[in-house]
Amino acid sequence: MSNQKKRNFQIEAFKHRVVVDPKYADKTWKVLEHAIHEIYNHNASGLSFEELYRNAYNMVLHKFGEKLYSGLVSTMTSHLKEISKSIEAAQGESFLEELNRKWNDHNKALQMIRDILMYMDRTYIPSNHKTPVHELGLNLWRDNIIHSSKIQSRLLNTLLELVHRERTGEVIDRGLMRNIIKMLMDLGSAVYQEDFEKHFLEVSAEFYKVESQKFIECCDCGEYLKKAEKRLNEEIERVTHYLDAKSEIKITSVVEKEMIANHMPRLVHMENSGLVNMLLDDKYEDLGRMYNLFRRVPNGLLTIREVMTSHLRETGKQLVTDPERLKDPVEFVQRLLDEKDKYDSIINKAFSNDKTFQNALTNSFEYFINLNARSPEFISLFVDDKLRKGLKGVSEEDVEIILDKVMMLFRYLQEKDVFEKYYKQHLAKRLLSGKTVSDDAERSLIVKLKTECGYQFTSKLEGMFTDMKTSQDTMQGFYASHPELGEGPTLVVQVLTTGSWPTQPSSTCNLPSEMSALCEKFRSYYLGTHTGRRLSWQTNMGNADMKATFGKGQKHELNVSTYQMCVLMLFNNAERLSYKEIEQATEIPAPELKRCLQSMACVKGKNVLRKEPMSKDIGEEDAFFVNDKFSSKFYKVKIGTVVAQKESEPEKQETRQRVEEDRKPQIEAALVRIMKSRRVLDHNNLISEVTKQLQQRFLPNPTEIKKRIESLIERDFLERDNVDRKLYRYLA
Amino acid sequence: MERIDNVFYSYANKSSGLIDPEGIEALCSDLEVDHTDVRILMLAWKMKSEKQGYFTLEEWRRGLKALRADNVHKLKKALPELEKEVKRPTNFVDFYSYAFQYCLTGNEKEKQKSIDIESICQLLDLALGFQFRSQVDYFIDYLKIQSDYKVINLDQWMGFYRFCNEINFPGLSNYDPELAWPLILDNFVEWLREKQT
């Protein structure tokens, strides 16, 4: 609008005073009061909304908001008091229905009233800090109905009674419940909690306390858990149907506490049906249920885990110390693998692959596997058995699976260096007797060991394979350069590098002349191409295939050890030989010779020799003959004695001693390495550093470490600090 | 100086030019001291004598000058003062260590590093007996019955002195085998504790 000069337009205030009739307010209020009555009496259809609204508007405008508001309060209150009486009067079942009905009426009325009084709601009320109409309506309802002395406790008791009935199996009117509870919620969370939820939880706790006591007396663990789970699900369902969602966590806590937490120990240890029984019988469903229920309560899973661990350790301990089981190493290891499989299944199927349980399993295995000092040896023997024959015909994937399982056990071993020693021995025997089922499987396992323990662990093992391959090439070269030998006995030599193979002291043995000549030819051939090396024949590790013809013309091919071959060849030139004669001719040491003769004379199916007298023991004067009556259904007969077996006591002691001796330089090397880099270090830290460095191979004994430290002090590698005797100093 | 030398030559062996064991024995009887007495060891210490059983001229001069003695009579009078001097804590460690090294046999090239058990027992008695009688006696008992060690080295020897000084005896309450005590002392303590139960 432009700045035009205002001409005739002037808006003036009323010049006359507006006289507001004092009775105006009363009259207007009476109209509204009447309307409220009508509304409550379900007679609202006759009212004019527009008129009422204007009336209310006018009252507020003319500063009669106070009168309007207080009028509203008192009118509504008196109506509610009437309503309260009619609700109180309701009998039995109809109490809740009446309450519900009246509540709906009230809400409708309130809605209408609020619409009518909207102007007051928006102007008078905020500026005078009064409660808005809707909220006022709710508060009045709360104060006059819900908190009325005759209704309050009756309401609560009715609700709780219904819940209880439903819990005992009756069907109740859930819709009605939902409406009533919603009413309480609408009245504010304080009302819901104070007037219902608090008590609901208390009563529920009592209920479940009693019920759980009853169940635990008469049910076994699995049944009890089923019941507890059922109740828990019921409560959750109850909440979704007619309670505030926020109550879910509270009621489930109650059930968890009363039914599970309070009875956990008793359940877990229940005789004949507790956790241990479930584990023993692979009861996946029950275990899964227990896991799901217990994880809801503090320390629930911890309890399961502890019981499982102690049970596992106990059974494991029995397994590894049971003398019966120890008789067969392969069986022993198989049992360990079966036990591991069993628990892997349980953890997978019932404990949802929970990492903490997997760790508990690992710890338990680590504990009991190392209780038996022969575990490393037995695991190597198991592997030996598999690689020798057990894996024959098994698919490549299955082979990998088995080897991976063995690696798992290997990881649990504390004394990995003992395993290495045995593995080397057994591998040597397998390679030399040509008795390995699958080269690929052998190599696969070496790779796994290398990945686990590093290059050093397997470098010698790989050296053994290399020697075998190189020897093949050497043999080809040998026969190529000596074509004239094609007719005679075939010599197969494996040249073994001393550092890589397990050392065995070689002993005397006189080879038959045919063989010794051939061996000499090989020796000169080899040394011709490899000057500066020394060869020594290991007659205790060889084998031979011999064609034999017996008295009745039976022909057989015998696979025997070198020693056995020497003995048998003697019989080409003699009918009868005494033990002494054989000993003198072969110069094989007595214990080996006796074993060798026993294996050929005293074992059914392999008795190519006959002995007089027939006893099992070998005496000096015993006589031996070729057994002309020898028979076997097989053409090829294997009599060799070079098979890996469980060591005897003295052998075991010896191996253990060698392992201990090997450990000393390793400890010293670790000590020097650490001190060289740290220069100064105190005793306790040095011990723990050394232990950490060596733990991949074995667990060093602190006493042994101390001995090595003192040895290094004596040899002037280290010294003690002059002032602080706990410190060691590196001497460059 | 001349007088000191004269006394030396009165005990020395004519051909070797050193006082040898015989000479020492004669010296001891003149001093009225048994030749196994600790004071002779103390004298050797004062002289910084290198070889057990022998005194060189240089060593003799060093010792007697320090003791301000130029004849046997004065030397004898100086012995109690010498004893006091050695027993002072600052000197005693040095003396104790010296005692061990003095008893090692062998020459420059092949110096021995440990002493056999029997000799150690005697040496312990001599060097520490007056100060830690009970510890020494028990330890000697133990050394004789144990079989882990056939000889004792300097580290173990010094360790024992520290043991006597620091550890309650016979309570042993403050002994901690997790610390850097020589292993032989760990074993000794274990043996003692077993005896006590």
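All values below come from the heavy atoms of this structure, side chains included, with hydrogens, waters and symmetry mates left out. Naming convention: chains lettered A, B, ... in sequence-line order (proteins, then strands); numbering from 1 in each chain.
The closest side-chain heavy-atom distance from A:R720 to B:M158 is not below 4.5 Å.
A donor-acceptor pair is defined here as one N or O able to donate and one able to accept, closer than 3.5 Å; no such pair exists between the side chain of A:E714 and the backbone of B:K113. Side-chain atoms of A:K706 come within 3.5 Å of backbone atoms of B:W181 as a donor-acceptor pair (strictly under, hydrogens ignored).
Heavy atoms of other residues, nucleotides or ligands lying less than 6.0 angstrom from NZ of A:K340 number more than 12. For B:Y138, the OH atom sits in a loose shell: 12 or fewer heavy atoms of surrounding residues, nucleotides or ligands are nearer than 6.0 Å. Within a 6.0 Å sphere centred on CD of A:Q456, heavy atoms belonging to other residues, nucleotides or ligands number 12 at most. The number of heavy-atom neighbours closer than 6.0 Å to NZ of A:K726, taken from other residues, nucleotides and ligands shown, is 12 or below. No more than 12 heavy atoms of other residues, nucleotides or ligands shown are found within 6.0 angstrom of CD on B:E58. The neighbour count for A:F717 CZ, taken as heavy atoms of other residues, nucleotides or ligands under 6.0 Å away, does not exceed 12. Crowding of B:R68 atom CZ: a count of heavy atoms from other residues, nucleotides or ligands under 6.0 Å not exceeding 12.
The CD1 atom of A:I713 lies 10.5 Å from the CG atom of B:L154; values are rounded to the nearest 0.5 Å. To the nearest 0.5 angstrom, A:S711 atom OG is 11.5 Å from B:D155 atom CG. Between A:K707 atom NZ and B:D186 atom CG the span is 11.0 Å, to the nearest 0.5 Å. In this structure, the separation between CG on B:D176 and CG on A:N684 is 7.5 Å, given to the nearest 0.5 Å.
Neither the backbone nor the side chain of B:N187 comes within contact range of chain A, judged by heavy atoms closer than 4.5 Å. Looking at A:R725, the atoms closer than 4.5 Å to chain B (heavy atoms on both sides) sit in the backbone and in the side chain alike.
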